[in-house]
Amino acid sequence: SFALVEFIQLIYPLVWVDTIVPVLSLTTVEFLQSIIPFIMGIDEFLLQFSINNDYIDFTNGSIVFVNLSHNTIGLHVDNKKTSKKILLEKLNIPDLPIKVYKFLYVKLKELKRDKELFTAIQIKEKIREVFCTAMIIMMGDYKRYLYYMEGDTNVFNNECFLQQRKREERNFYKELISTQLFSQFIANEREANKYGKSNFNSTMKYDNAMYSLNTYDHLSKDFLMINH
């Protein structure tokens with residue numbers, strides 16, 4: 001449950017607006033049959049119970065399983081030949097952009113090395129700062145591709161955004177901008193714009209939408225269950 005709650009914090013400024021259940025119980029296991037996106041925590045015993053009692057639909061492959069005990073992420077598929085034995089199928093997830101990967105690797109390694117110097121609360125805040133910066137590196141220039149139309153409608157130019165990314169990283173960014181979270185983020189910008197605010201607040205040191213990703217070029221040199 002702690003991991004799930006922290007995950008929601010780490011994707012800021014994207015905001016999870018759908019169902020979230022930190023820990024499922026026998027009385028709430030039927031929530032797994034929800035048709036809307038969800039993130040739910042479940043222990044192995046209850047997972048097996050849910051499988052045996054058909055609470056989980058494996059037919060469309062829309063449920064992603066994150067096993068925190070084994071550090072694995074994958075799709076579970078139903079195979080009738082194995083009498084409901086659940087098989088782990090590797091997800092085809094695009095790699096993180098290399099600059100983002102290097103930044104996260106270096107900064108998180110530093111935090112792990114120096115963890116004795118900070119309190120638990122300080123560690124949590126520093127991890128969030130690291131991921132905030134990573135999000136800025138990935139999409140901090142989003143306003144360059146955002147156009148405001150009549151009627152307070154904003155349109156995000158996906159094609160231009162992707163063209164400005166490295167060819168080998170476009171699959172990742174294509175997945176990112178196609179998510180419901182990103183669409184909601186862009187929709188929220190309309191409201192934020194009315195009040196002269198940005199989706200990135202001052203704690204992220206990013207209150208100027210035209211502040212280019214080039215600011216972070218030096219970084220490259222320094223070095224749960226989810227229904228979607």
* Asked: Hey, what do you get for CG (Asp18) to CZ (Phe38), rounding to the nearest 0.5 Å?
  -> 11.0 Å

* To do: Answer yes if Leu108 and Tyr105 sit in the same cluster of Ile, Leu, Val, Met, Phe, Trp and Tyr residues linked by side chain heavy atoms under 4.5 Å apart, and no otherwise.
  => yes

* Asn52 side chain to Gln48 side chain, donor-acceptor N/O pair below 3.5 angstrom -> yes

* With the 4.5 Å side-chain cut-off for hydrophobic clustering, are Val15 and Phe7 part of the same group? -> no

* Looking only at atom types and distance, does a side-chain atom of Asn53 sit under 3.5 Å from a main-chain N or O of Tyr55, one as donor and one as acceptor? -> no

* To do: To the nearest 0.5 Å, tell me how far Leu4 CG sits from Ile42 CD1.
  => 12.0 Å

* Asked: Can you find a pair of side-chain heavy atoms, one from Pro97 and one from Lys166, that are under 4.5 Å apart?
  -> no

* Scan Tyr142, Trp16, Phe156 and name whichever one has a ring-ring contact (aromatic ring centres under 6.0 Å, His included) with Phe185. => Tyr142

* **Gap separating the CD1 atom of Ile177 from the CD1 atom of Ile186, nearest 0.5 angstrom** => 9.5 Å

* Could you give the distance from CD1 (Ile98) to CZ (Phe103), rounded to the nearest 0.5 Å? -> 14.0 Å

* Under 3.5 Å: donor-acceptor pair, side chain of Asp141, backbone of Arg144 -> no

* Asked: Got a salt bridge between Asp114 and Lys109, using NZ or NE/NH1/NH2 to carboxylate O under 4.0 Å?
  -> no

* **Electrostatic pair Lys107-Glu129, nearest N-O below 4.0 angstrom** => no

* To do: Determine, for Glu110 against Arg113, whether the closest basic-nitrogen to carboxylate-oxygen distance falls under 4.0 angstrom.
  => no

* Asked: Is there a donor-acceptor pair under 3.5 Å between the side chain of Ser183 and the backbone N or O of Thr179?
  -> yes

* Between CG of Leu111 and CD1 of Ile123, what distance do you get to the nearest 0.5 Å? -> 5.5 Å

* Count the heavy atoms belonging to other residues, nucleotides or ligands that lie under 6.0 Å from CG of Leu117, then report whether that count exceeds 12. => yes

* To do: List the steps and the verdict of side chain to side chain contact (heavy atoms under 4.5 Å, CB included) for Glu159 and Tyr145.
  => CA-CA 9 Å; Glu159 184 176 352; Tyr145 313 99; over 6 Å; no

* Asked: Below 4.5 Å, heavy atoms only, C-beta onward: do Phe131 and Gln9 meet side chain to side chain?
  -> no

* To do: Answer whether the closest heavy-atom distance between the side chains of Leu176 and Leu181 falls below 4.5 Å.
  => no

* To do: Compare all side-chain heavy atoms of Arg128 with those of Glu6 and state whether any distance is below 4.5 angstrom.
  => yes

* Asked: For the side chain of Arg165 and the backbone of Arg170, is there at least one donor-acceptor N/O pair under 3.5 Å apart?
  -> no

* Asked: Do Phe118 and Glu125 touch side chain to side chain, with heavy atoms closer than 4.5 Å?
  -> no

* Asked: Do the side chains of Ile127 and Leu10 get nearer than 4.5 Å, heavy atoms only?
  -> yes

* Hey, what do you get for CG (Asp43) to OG (Ser25), rounding to the nearest 0.5 Å? -> 10.0 Å

* Asked: Does a side-chain heavy-atom distance below 4.5 Å link Tyr101 with Asp95?
  -> no

* Side-chain heavy atoms under 4.5 angstrom apart, residues restricted to Ile, Leu, Val, Met, Phe, Trp, Tyr: same cluster for Phe45 and Val23? -> no

* Kindly determine whether Phe172 and Met138 satisfy side chain to side chain contact (heavy atoms under 4.5 Å, CB included), including the steps that lead there. => CA-CA 10 Å; Phe172 171 85; Met138 285 192 286; 3.5 Å; yes

* Is any side-chain heavy atom of Met40 less than 4.5 Å from a side-chain heavy atom of Thr19? -> yes

* **Minimum-distance pair of heavy atoms, taken over all atoms of Cys160 and Asn157** => N-OD1, 3.0 Å

* Asked: Under a single-linkage definition using a 4.5 Å side-chain heavy-atom cutoff for Ile, Leu, Val, Met, Phe, Trp and Tyr, are Ile8 and Val17 assigned to the same hydrophobic cluster?
  -> no

* **Parallel, tilted or perpendicular: ring planes of Phe182 versus Phe161, cut at 30 and 60 degrees** => tilted

